Each structure stands twice: as structure tokens, then as C-alpha cells.
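Not measured: the values here are computed from a predicted model.
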Amino acid sequence: MTAPVFVVDTIPDTPLFVLDGPEGRHAVSVKRLNPGEDVVLTDGRGRWADCVVSAVEGKDRLTVELSTVYEDPAEEPHVTVVQALPKGDRGELAVETMTETGVDAIVPWAASRCITQWKGDRGLKALAKWRSTARESGKQSRRTRFPEVAELMTTKQVAALLAGADFAGVLHEDREHGSDALATVELPAKGSIVLVVGPEGGVSPDELAAFEAAGAKPYRLGRSVLRTSTAGTAATALVLARTGRWS
């Protein structure tokens, strides 16, 4: 088992660092760490440090000794999944599994067929949950660079994002609209890949037309129909394997 990960605002440049607050409480009261055990500190932006616990105080405070500080570069190609808003807690499920898989960015999308609507305080709370889930899942999966969760986008904004990508695709299949297999299409080794996952009701014809005008073609994952909360994870895994990021 690799060392547990804890998030700090900035990796310190001192040999000793006091971890307190929520992260310190989790380390002491939940993980029950003791002096001599290994931990990792990260800022979630690629910079991290190997550390050893040197002292534990109370229920929410411990001192760690920093060993080596590293900085992981951003991986290529950069993979973004545009996720239409699912029902209930399936949004957090999608964020959790995509983060564990290795996605680099997640964009919430207000598709026309979404039942869930992010408006006012409800939308702010939902976005905060997605971002918190990405952070916690990043820690759990021992990542040092957590995915960015963007602000909610409209279809027009998503189309602009697709237009600037090196590879853009919409996960979509129906009998009236042809699609290619994502498993066999040529993918770039560098640059940006943006994939769109529609809602349970599917991407509407108008949305599909807007995305195709921006350069995004429709692609299918396989013969089975995946739910919106799992399609992004499956597509991310496929792309990371095929571009060599899982090598």
C-alpha cells in the first residue's frame, strides 16, 4: 500500500511542517498515523513531497519531516470529459470514478434533456460537491494532480471548447445517425482530447449538430448502452490506454 496523501495549499520549503485542520484530523483520528510512518503532501497541482511523521499531538495535529520534493508535469494528451448533469447523486459518482481513472478535467454541461438543473444556491452547492469529490477521490487514488472541475457550461460554450481541441468526440449512437468506434479511431499523442457525455435522454439533434459544426464527431463505445454516469469513465480508460498514458 502506498503512503496516504494529504493536501496542502503550498508544499513547504522547510524541513518540518505541521499538518493540522481537517487534513491533520483525518491523519490523526481517521488514519491513526504514528511517528515513523510515511505520508505524502501534495498541492493537487503536481507538486508533492515524501514525508515521515515525526510527532503527533492531540487529535488533529501532527508534524512531518520532508524528504524529497517532486513536481509531476501535466500528462499528455490532456483529457477532458464534458459531463451532462445526471440525476441524483450520479454526478458525484461520475466525478469520483473519472478522477480515479485519470481524467484531467471535468466540465458540467446543462444539456437540453437534463432533468437536473443547477440554478442559484442549488447549483453552487452541486458544483462544490463535484469539486470536493474530485479532491477526495484524487487523494484516495494517490494522485498528485487533481482534475479541474469547471463552471457549468451551456451548449454554446461546450461547442467552443470542442472547436479548440486536438480531438473532439461525442459519445453518441443511434440508428438514425452513424458513428465510429472510439476504440479504433486515431488519437493524438499530445495536445487535448475532449469527449462529451450526454444525459440519460441522449444528446439532442440540435446539440449534435452544434457539436459537429465545431468539429466533434459522434463515437460509440461498444454494443452495450452505458449510463451517463459510467460512460465518461469507460471512455477515459479507453483513451488513456490507447494513448500510452497507462503504459
Side-chain angles (χ1 to χ4, degrees), residues 1-75 78-81 83 88-108 118 121-152 229 232-233 236 240 245:
M1 187 68 175
T2 55
V5 174
F6 298 94
V7 183
V8 294
D9 291 334
T10 304
I11 299 299
D13 55 6
T14 55
L16 295 178
F17 177 77
V18 175
L19 185 67
D20 54 12
E23 292 291 271
R25 186 177 305 110
H26 186 74
V28 176
S29 299
V30 179
K31 291 293 187 180
R32 300 185 182 277
L33 296 176
N34 294 303
E37 294 191 78
D38 295 329
V39 299
V40 169
L41 297 184
T42 181
D43 61 5
R45 299 182 297 276
R47 190 169 170 79
W48 60 283
D50 277 327
C51 308
V52 176
V53 178
S54 59
V56 176
E57 303 175 42
K59 296 182 178 180
D60 62 356
R61 181 183 175 94
L62 77 167
T63 302
V64 300
E65 182 177 353
L66 278 73
S67 176
T68 307
V69 177
Y70 305 89
E71 185 156 3
D72 293 336
E75 296 194 76
H78 183 278
V79 180
T80 298
V81 172
Q83 174 67 59
D89 61 357
R90 288 188 171 274
E92 289 97 275
L93 174 63
V95 172
E96 178 182 41
T97 54
M98 284 192 287
T99 298
E100 292 172 357
T101 304
V103 76
D104 300 300
I106 301 168
V107 177
W118 283 8
D121 290 341
R122 179 180 179 181
L124 294 176
K125 291 179 180 178
L127 179 59
K129 283 185 178 180
W130 280 35
R131 287 175 170 168
S132 175
T133 299
R135 173 189 169 103
E136 294 307 311
S137 298
K139 290 169 54 179
Q140 181 67 33
S141 54
R142 309 298 197 262
R143 290 183 61 167
T144 60
R145 188 179 292 274
F146 302 161
E148 175 190 357
V149 178
E151 299 283 340
L152 179 68
S229 55
T233 300
T236 298
L240 294 185
R245 282 185 49 176

Using every non-hydrogen atom in the two residues, find where L66 and A49 come nearest and quote the distance to one decimal. CD2-CB, 4.1 Å
What closest approach, in Å, do P108 and A150 show between heavy atoms, and which atom pair accounts for it? CD-O, 3.2 Å
With heavy-atom distances below 4.5 Å as the criterion, would you say the side chains of T63 and E57 are in contact? yes
Could you tell me which non-hydrogen atom of A3 sits nearest to which non-hydrogen atom of R142, and how far apart they are? O-NE, 3.1 Å
Point-to-point distance, once rounded to the nearest 0.5 Å, from CG of L19 to CG of D60: 9.5 Å
Run the side-chain contact (heavy atoms from CB on, under 4.5 Å) check on V107 and V81 step by step: do they pass? CA-CA 6 Å; V107 177; V81 172; over 6 Å; no
Non-hydrogen side-chain atoms of L152 and L127 separated by less than 4.5 Å: no
Spatial distance of atom NZ (K125) from atom OG (S132) [nearest 0.5 Å]: 14.5 Å
Any side-chain heavy-atom pair of Q83 and M98 under 4.5 Å: yes
Polar contact flag, side-chain donor to acceptor under 3.5 angstrom, T97-T233: yes
Does any part of the side chain of V7, heavy atoms only, come nearer than 4.5 Å to the side chain of K139, both counted from C-beta? yes
Kindly compute the distance separating CH2 (W118) from CH2 (W130), expressed to the nearest 0.5 Å. 4.5 Å
Report the distance from atom CG of D104 to atom OG1 of T236, rounding to the nearest 0.5 Å. 8.5 Å
Looking at every heavy atom in both K31 and F6, which two are closest together, and how far apart are they? CG-CZ, 4.1 Å
Could you give the distance from OG (S141) to CD (E96), rounded to the nearest 0.5 Å? 9.5 Å
Flag the pair R131 and E151 as a salt bridge only when some basic side-chain nitrogen lies within less than 4.0 angstrom of an acidic carboxylate oxygen. yes
Using a 6.0 Å cut-off, check whether atom CD of E148 has over 12 heavy atoms from anything other than its own residue. no
Within the structure provided, determine whether L62 and V56 are in side-chain contact (heavy-atom separation under 4.5 Å). yes
I need the minimum non-hydrogen distance between A134 and V95, along with the two atoms involved. N-CG1, 3.8 Å
Criterion side-chain contact (heavy atoms from CB on, under 4.5 Å) on T133 and T99, from CA distance to verdict: CA-CA 9 Å; T133 299; T99 298; over 6 Å; no
Is the closest side-chain heavy-atom distance between K59 and R25 below 4.5 Å? no
Among R143, R145, R245, which residue satisfies the salt bridge (charged side-chain N to carboxylate O under 4.0 Å, His left out) criterion with E75? R245
Nearest-0.5 Å distance that lies between atom OG1 in T42 and atom CD1 in I11: 5.5 Å
List the atom of A105, the atom of P147, and the distance in Å for their closest heavy-atom pair. N-CB, 4.2 Å
Below 4.5 Å, heavy atoms only, C-beta onward: do V8 and F17 meet side chain to side chain? yes
Are any non-hydrogen side-chain atoms of L33 and P4 less than 4.5 angstrom apart? yes
